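Whatever order the structure lists ligands and atoms in, that order sets their numbers, starting from 1. Just so it is clear, the structure is predicted and the values come from calculations on it, not from any experiment.
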Amino acid sequence: MTAGARASAPPDSAGPSPRRLRPSDPVSRIPGVGAARAARLAEAGFPTVAHVLRHLPFRYEDRRRFGRVAELVAGEPATLFVRLAGARGHRMRRGLLRIEALADDGSEAIRVVWHNRYASFLQAAQSGRSAVLYGAPAVTPRGELRLENPETEFFEPEEEADPLHSGRIVGVARRVADLSPRTWRALVRRALDALSPEFEAASGASAEVAAAIEAAQFPAEMADAERARARLAREELVALAARIEDKRARLLARPGVPLSADDALRKQAAEALPFPLTGAQRRAVAEISADMRSGRAMARLLQGDVGSGKTIVAGLALLLAARNGFQGALMAPTEILAEQHMTSLAAWLGRAGVRVALLTGRVRGKPRQAVLAGLERGSIDVVVGTHALVESPVRFRRLALVVVDEQHRFGVAHRARLFRKGASPHVLVMTATPIPRSLAWAIYGELDVSVLDEKPPGRSAVTTRVRAPEARARVYAFAAERVRAGERAYVVVPAIEEGEREVAATRETAARVTAAAPGVAVGTLHGRMPPDERSAVMADFAAGRIGILVATTVVEVGVDVPEATVMIVENAETFGLAQLHQLRGRVGRSPRPSWCVLVAGERATDAARERLVLLEKTTDGFVIAEKDLEARGPGDLLGMRQSGLPPLVIADPFRDLPALGEARREVLRRRARGERLASDLFGYREEPPPRDERE
Ligand code: ADP
Ligand code: MG
């Protein structure tokens, strides 16, 4: 920090004691920020002082030495301190102006052109006005150098020597609420100058952080800015890690009804089960029952690749709840999936004496009333459903377990509402999205994790091939051949847009498939179909009345038809790798050999095809997830937004998140030393944990 910068804060701007600001204060408390500006800042996503301080420059200019107009080179950006002359405006569309002026810095003059400016800009560019320009000059057809649309900062005459904006390294931040770079810089300066001294004194770490904010906003040297940014990124991760730790602590603190299995129940369960469990399933069941016995409420993630057999594990947990006299709920993201769970669970849970009911949007009228009444009375033990479970006035008599299937498909809000149904139910969330290890803790750090890393026996390997569009007819004919042998095939089309296009895409593809597969019944399935019709189609497909099913990605999650052996994906390059892996998981569900054919579209680039080839080489969901992460970033892949964690502002969610593990150790270290986490700056306040988990 420089003394000059400090001195520049208007000493008289904010009433009695300006150095009282805290990062959590509203921006209106920054000296010189009036109500109107505060409102605009808040609207732009900058409600607090911390938001302002965290908004770091994306670029720095060394204004200790300006470039000279006489030395400008075409194509090379430079920062100039100039006087403007002869500004003229030419009217363009929508009342905007094209403005031209001469800029002179004493070494030479250069013509400057600004496009699409308001009249106020022309006023500001009046003759004699000083300005800092940043940009790269270009050569005009007439062989002159010209500066087009440079970033421009006008100076008031009395500000020319202002040490805030010149004679130093100056940061340029992304524009907020349409404030000029200079107005913004002054705002940040005033906020920093007014910060309460306790902010720095509060703890060892925060003095360092305060210094880093100063250095990132107003660096003395270029290298300081970079170092400071890295320091702040680390601190932001520490704040994030602290939140995850707190969330975990809150979850662990919830009391839960102790549910336990005696030998009789174990024996009964073993007899009811349709098949022996895999080793991985047995381990998961053991971990889950230890949780449910403990007297604390379970908060566990069951992670397992597609087809690893998560449903049955959930079923055993539901059985445990039911046989202890409590109720359980299983929430699935689609009606198809809910119905499928109902079919697969109801049979064997029924054999074990559990009363199971289905509740989706389709269950209406009398049957719906009956289910609602049964849940309230306690005459239904287990309910399987969609988000209808949380939306309608469903009341449970004694809910003790909530299972959320394919949890990445649900928003935080849905999940939270279900959490609220019981006092503090045991919660098991399941996902088939393999989470790269580097990110698992960032996304699910607050949960205990069980992993199903073993496939049930009797599964075939799936042979995967990438094919050109010309191969389509042959591919369809191959599918037809498998269907004639008693098997089933999917053809998945990308739903480029939901709606009519989706309907048209499935219909067109179905026509092509029909032409190439004579004598085979072809059906279609898409999101626009009424739920009744969808279930009917699925039932026909499962029973073999439909041989080839042309569908959108509604079949992506969880659909289980063991006879299906061929998965054809159209325009495969438009899907993420992890999503293709999910689709591929719909086949290979029996001992018969299975195939996945990825048809690249006419317009697929070589690079896109190359990416698909990875799926020919591996079936390891983790490898695929890592690749997807590289290509698309974590937000997309993992539903970071749905994780309910705050977005990162300074740290790079892609590059820096893997360092979150280190940040967590830092949290534990600081807490062990009794240090506060002075991360007010990142919206993290240490506060007593709330009584239950409701975010
Ligand atoms: P996912 O983990 O993708 O949800 P499912 O629970 O749908 O997997 O199981 C996939 C298929 O494997 C189902 O048909 C299920 O009945 C079957 N399955 C699950 N566990 C076993 C097992 N231990 N032995 C044999 N088949 C199993
Ligand atoms: Mg499943």
Could you check V384, T431, V429, L337 and say which one makes a side chain to side chain contact (heavy atoms under 4.5 Å, CB included) with D405?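 With D405 as partner, side chain to side chain contact (heavy atoms under 4.5 Å, CB included) holds for just one option, L337.
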Pairing of [X] and [Y] as salt bridge, 4.0 angstrom limit:
X	Y	answer
R248	D448	yes
R664	E245	yes
R472	E570	yes
R534	E335	no
D453	R283	yes

Could you check whether any heavy atom of G304 sits closer than 4.0 Å to an atom of ligand 1, since that is the contact criterion I want to use?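 Outside the 4.0 Å threshold, so no.
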Does Q340 reach ligand 1, in the sense of a heavy atom lying below 4.0 Å from it?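 Heavy atoms of Q340 never come under 4.0 Å of ligand 1.
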For a 4.5 angstrom cut-off between non-hydrogen side-chain atoms, does V462 reach T619?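 They are not in side-chain contact.
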Winner among [options] once heavy atoms are compared against [atom]:
atom	options	result
atom 25 (C) of ligand 1	P456, S344, A280	P456
atom 13 (C) of ligand 1	L452, D560, V561	D560
atom 3 (O) of ligand 1	G585, G279, P457, G307	G307
atom 9 (O) of ligand 1	G309, P274, P562	G309
atom 6 (O) of ligand 1	L337, D305, T311	T311

Any donor-acceptor pair under 3.5 Å linking the side-chain atoms of S379 with those of R355?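 Note: R355 and S379 side chains miss the donor-acceptor criterion.
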Closest heavy-atom pair and its distance - V537, T524: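 The answer is CG1-O, 3.6 Å.
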Contact (N/O only, under 3.5 Å) between [X] and ligand 1:
X	value
P276	yes
I312	no
L277	no

What orientation do Y490 and F541 show, parallel under 30°, tilted 30 to 60°, or perpendicular over 60°?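 Rings of Y490 and F541: tilted, as their planes differ by 30° to 60°.
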Region of M430 engaging ligand 1 - heavy atom pairs below 4.0 Å: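 None of M430 does.
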Under 4.0 Å, heavy-atom basis, I'd like to know which part of K455 is in contact with ligand 1: side chain, backbone, both or neither.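 Neither; nothing of K455 gets under 4.0 Å from ligand 1.
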Which of the atoms in ligand 1, numbered in the order shown and given with their element, are less than 4.0 Å from a heavy-atom of [X]?
X	result
S308	2 (O), 8 (O)
T278	23 (N)
R589	3 (O), 7 (O), 10 (C), 11 (C)

